[in-house]
Peer 1: 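This is the structure I have questions about; it appears just below.
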Amino acid sequence: MNVKETTAKILDPFEGQDEESLFKIFTATAQDHPLPMEALAPHQIRGMGLCICLAGEVRISIDLKHYTVHKGEMFIILPGVVIQPIGRSDDFVGYVLGLKPDRVAEIDSSVGLQFYLTVRDNPCLALHDGDLQTLLELCDLIKKKLQRTGHPYHREVVEHLILTLFYEISAICHRGQPLRQKARRRQEELFEKFLYLVATHYRTQRSLNFYAEQMCLTPKYLSSIIKQASGESATEWIIHTVIRNAQALLENSQLTVQQVADYLNFPTPSFFGQYFKKHVGMTPKEYRLSKR
C-alpha cells in the first residue's frame, strides 16, 4: 500500500467562524484535502474532534502514541491532547466532526466530563455496522439542522442532537465494560472535574486560583482534595499537563522553540525555557536534541 507521509500544522478548525458555531462536519479525502509536507507538525484542535474512517486507513500519533485507524473505526480527539497525522492511504476517506469544548459544557457538563474520562485512555474504537450507520445518520441530521437557521429553536435542536450523539459515542466506548452504577464519592467527582478543566484550559491557565474559581472552591481546599485523590497536588497536575504537551511539540524539529512558547501562551521564549528546564532538567533545545 502506498502511504503518503504527512505533517500537520497547529490550527483551529473554528478559526474565522462565528462565535456561535457549535459544530463542524466535513468529509476528508486524500485527494481533496492534501496535507502539505512543509506544514508544521504536532497540533491540537481547539475543541473536541472525531474522525470516522469510511475507507482506506490513516496513521496518527495521539499524545506520542501511534495508532492505525482502518475502515469502520474511529478516533476521538479531546481537549489537551497533542495529535499529529503521520500518514494515510491514497484511498482514505474520513468523516470529520469538530465541537468546541465550551459548547460541550453548555450542553451538559456531566456528559462532557463522562465523555472525556471514558475515551482519554482509549481514543481509537472499532465500530459495528449498526454503530456506523447510527453515527452517520445523526451527523447528517445535525448537518441539515445546522443549515436551518430560520427555525425559532435552531440552537436548541442542534444542542440536543449533539447531546444525543455524545450519548451514542459513550455507549460505544462502554461496550463490553460494565457501566459504573455506584455513586461516586465527592472527592472523586471533584478530581475528575479538575482533570477535565485542566485538559481544556492548560494552554492559557496555569494558576491554581483559576481552577479553584471554576469549581467554586478555595485554592487550599482544591489542592487538598486533589492530593488526597491522586497523591499529587493540583499544581503538579497542571505542570505535568503543560510539560507533556510541550515535550510532544518539541519532538518535531520543524516547530521552533519560540513557536512552542507562543502556542502555550508563555510571555517569552526565555520564560518558557526557564519553566521547562525547572521541571524537566534540561532546556527545550537540549530536550529536542536528546530525542533525535
Side-chain angles (χ1 to χ4, degrees), residues 1 3 13 22-33 45 47-63 65-81 83-101 103-104 107-146 157-182 192 196 199:
M1 179 188 63
V3 176
L22 285 170
F23 208 68
K24 186 175 184 180
I25 306 177
F26 61 94
T27 300
T29 66
Q31 290 74 26
D32 297 335
H33 293 81
I45 299 174
M48 293 186 179
L50 167 68
C51 178
I52 302 172
C53 185
L54 302 178
E57 69 175 42
V58 60
R59 292 187 290 124
I60 56 171
S61 169
I62 301 175
D63 274 349
K65 296 179 182 178
H66 288 67
Y67 302 89
T68 300
V69 182
H70 304 89
K71 177 182 177 181
E73 299 175 344
M74 71 176 179
F75 64 89
I76 302 166
I77 305 302
L78 297 172
V81 305
I83 178 173
Q84 179 185 6
I86 299 173
R88 60 188 178 186
S89 60
D90 290 334
D91 60 343
F92 168 74
V93 178
Y95 203 59
V96 183
L97 309 86
L99 176 64
K100 285 187 174 181
R103 299 308 188 189
V104 178
I107 295 169
D108 187 318
S109 59
S110 64
V111 173
L113 176 59
Q114 181 184 7
F115 185 81
Y116 169 76
L117 294 171
T118 302
V119 305
R120 61 181 174 177
D121 295 323
N122 299 287
C124 298
L125 302 165
L127 300 173
H128 293 175
D129 290 342
D131 298 333
L132 183 59
Q133 182 177 353
T134 297
L135 295 182
L136 291 179
E137 287 177 351
L138 265 173
C139 290
D140 285 339
L141 184 57
I142 293 172
K143 200 171 183 178
K144 291 178 181 177
K145 299 304 181 184
L146 279 170
V157 170
V158 172
E159 286 180 348
H160 282 82
L161 285 174
I162 293 173
L163 181 57
T164 300
L165 178 64
F166 269 67
Y167 279 128
E168 291 289 353
I169 294 174
S170 293
I172 293 169
C173 295
H174 280 110
R175 182 179 292 115
Q177 304 177 25
L179 293 173
R180 285 190 298 180
Q181 299 294 337
K182 66 176 183 178
E192 291 175 353
Y196 179 71

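When a residue number appears, it is its place in the shown sequence, counting from 1.
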Peer 1: Identify the heavy atoms of Gly56 and Asp91 that sit nearest to each other, and give their distance.
Peer 2: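 Scanning both residues completely, I find the closest heavy atoms to be CA-OD1, 3.3 Å.
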Peer 1: After noting the C-alpha distance and the side-chain angles of Leu50 and Val96, does the key distance pass the side-chain contact (heavy atoms from CB on, under 4.5 Å) rule?
Peer 2: CA-CA 6 Å; Leu50 167 68; Val96 183; over 6 Å; no
Peer 1: For the atom pair SG (Cys173) and CG (Asn122), what is the distance rounded to the nearest 0.5 Å?
Peer 2: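 Cys173 atom SG to Asn122 atom CG measures 8.0 Å (nearest 0.5 Å).
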Peer 1: Once rounded to the nearest 0.5 Å, what's the spacing between atom CG of Asp131 and atom CD1 of Ile169?
Peer 2: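 Between atom CG of Asp131 and atom CD1 of Ile169 there are 10.5 Å.
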Peer 1: Quick one: side chain to side chain contact (heavy atoms under 4.5 Å, CB included) partners of Leu141, sequence neighbours excluded?
Peer 2: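 With sequence neighbours excluded, Leu141 shows a side chain to side chain contact (heavy atoms under 4.5 Å, CB included) to Lys145, Leu161, given in chain and number order.
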Peer 1: In Å and rounded to the nearest 0.5 Å, what is the CD1 to SG distance from Ile52 to Cys139?
Peer 2: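 Spacing of CD1 (Ile52) from SG (Cys139) equals 5.0 Å.
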Peer 1: Rounded to the nearest 0.5 Å, what separation is found between the CG atom of Leu163 and the CD atom of Glu168?
Peer 2: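 Answer rounded to 0.5 Å: 11.0 Å.
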Peer 1: Quick one: OG1 on Thr164 to CD1 on Ile142, what's the gap to the nearest 0.5 Å?
Peer 2: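 Output value for this atom pair is 8.0 Å.
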Peer 1: Check step by step if side-chain contact (heavy atoms from CB on, under 4.5 Å) holds for Ile86 and Ile60.
Peer 2: CA-CA 5 Å; Ile86 299 173; Ile60 56 171; 5.6 Å; no
Peer 1: Kindly indicate whether the side chain of Leu97, heavy atoms from C-beta on, has any atom under 4.5 Å from the side chain of Leu165.
Peer 2: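 Side-chain contact under 4.5 Å: yes.
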Peer 1: Give the C-alpha distance, both sets of side-chain angles, the deciding distance and a yes or no for side-chain contact (heavy atoms from CB on, under 4.5 Å) between Cys51 and Tyr95.
Peer 2: CA-CA 5 Å; Cys51 178; Tyr95 203 59; over 6 Å; no
Peer 1: Can you give the donor-acceptor pairs under 3.5 Å from side chains of residues 68-79 to other protein atoms, not counting sequence neighbours?
Peer 2:
residue, atom, partner, partner atom, Å
Glu73, OE1, His70, N, 2.8

Peer 1: Before giving the answer on side-chain contact (heavy atoms from CB on, under 4.5 Å), spell out for Leu138 and Ile162 the whole-Å C-alpha distance, their side-chain angles and the decisive distance to 0.1 Å.
Peer 2: CA-CA 8 Å; Leu138 265 173; Ile162 293 173; over 6 Å; no
Peer 1: For Ser89 and Glu57, indicate whether the former's side chain and the latter's backbone hold a donor-acceptor pair under 3.5 Å.
Peer 2: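 Checked: pair present.
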